[in-house]
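Numbering of ligands and ligand atoms starts at 1, following listing order.
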Amino acid sequence: MIPLCTPEIKGNEWKYIKDCLDTNWISSVGSYVDKFEDDFKKYVKSNKAVVTMNGTAALELALRTLGICEGDEVIVPSFTFISPVNTIKYVGAEPVFVDVCNDTWVIDADKIEGMITHKTKAILPVHIYGHPADMNKIMKIAKKYNLYVIEDATESLGSLYNGKATGTIGHIGCYSFNGNKLISTGAGGMLVTNDEKLGERAKYLSNQTKTILENGAFYHEEIGYNFRMPNVLAAMGCAQLENIDEYIKIKRENAKKYNEFLSNVKGITLPVEKGNVKNVYWLYSILVEKDYPISRDELLVKLKENGIQSRPFFMPIHKMPPYKNNKCSNMEITNELFNRGINLPSSVELKEKQIKEICDLIKF
Ligand SMILES: Cc1ncc(COP(=O)(O)O)c(C=O)c1O
């Protein structure tokens, strides 16, 4: 079986984790927690990083840090993994869904303004499958209407927009280190911001708003949360980050090979790298068009029967029971993409021979 996307563990992971176990620093305080935050913020060039137990926690923390709550609306794509949408509900706000672009599959910035009301507090773009959203347009709209921007960069670590790391352009950016992500800590996440005050507040909220009094007692001025990552996982994160540039290079080279092998296949649309962006191609994905000899679902079955793990695109969230009554823009593209898209194997360990094997099956 060629898997969809597996973690790559080949550096100092064992060494650093062993160090935690040997020294008994396994819990949520420790030098690797500080180091991972420090290394990460330097890597993406942000002022502050706060490590969390997963990407969903980072997104919830972002919303709580910005004070988004009941009565507020947050603009988000419906074509996404459900996590960012759920976190909007966790804080009591309502997601308002906006369609995506036909070619990049990220939120269509031109459809955002039409959905803004006096309740809108933030825009939450998702850099889907690695392609950055049009951040220039989004930041302009946010400025005009005095809105926050939270970037869901969980799938786009390694991607750049105008030379900047995705996740560092909005007010807050969030990443995931789940097992299938570019770098992994098993489970984990990170919040970054260039605003020192927001960064301090995020750290404070993530650690039960704990203040230590002079005599050592804990004092809590307001309700806090435990979103912390244990030192033992942060140790893994430090090791993973040491190899990230190599992983990005391989991902991009693999995407290039897919593009070459599939370039003239009738009925297959390839992913793009549009505008001034660098796409990490976290999940290399294609569209199966009407003039392709078999249906998208038949292709999924064919790949499975040949030992290739692939996955259909995300089902539109505005069609699912918890969100079917939420406000949404025209959803023409989102509804269509679900029926046409396939994620193909995209692990760092993927070899050219395997890419060719996958593409030969797609070519017939
Ligand atoms: C777009 C998106 N947002 C958020 C998440 C949540 O991250 P986590 O699984 O670490 O909570 C994921 C994936 O897992 C994702 O793909």
Heavy-atom closest pair (W105 atom, F79 atom, distance to 0.1 Å) is O-CD2, 3.5 Å

Location of contacts on [X] toward ligand 1, heavy atoms closer than 4.0 Å:
X	value
L59	side chain
A57	neither
T154	side chain

Could you check C328 against Y323 for side chain to side chain contact (heavy atoms under 4.5 Å, CB included), going step by step and ending with a plain yes or no? CA-CA 10 Å; C328 43; Y323 296 108; over 6 Å; no

So, [X] and [Y], do they make that salt bridge, N to O below 4.0 Å?
X	Y	value
R296	E336	no
K203	E37	yes
D245	K249	no

Would you say the side-chain atoms of Y284 and N259 include a donor-acceptor pair closer than 3.5 Å? yes

Are any of the N/O atoms on [X], whether in the backbone or the side chain, positioned under 3.5 angstrom from an N/O atom of ligand 1?
X	value
E155	yes
T56	yes
F314	no
K181	yes

Measure the distances from the heavy atoms of P84 to every atom of ligand 1 and state whether one is below 4.0 angstrom. yes

Heavy-atom contacts with [X] under 4.0 Å: which atoms of ligand 1 show up? List them by number with element.
X	answer
S83	4 (C), 5 (C), 6 (C)
N54	10 (O), 11 (O)
S176	7 (O), 8 (P), 10 (O)
V126	1 (C)

the protein heavy atom lying closest to atom 12 (C) of ligand 1 turns out to be F81 CD2, 3.4 Å

Atom 3 (N) of ligand 1 sits nearest the protein heavy atom D152 OD2, 2.7 Å

Hey, would you say the F40 and F177 ring centroids sit under 6.0 Å apart? yes

Heavy atoms of other groups near K302 NZ, more than 12 under 6.0 Å: yes

Please check if the side chain of S83 supplies one atom and the backbone of F81 the other of a donor-acceptor pair under 3.5 Å. no

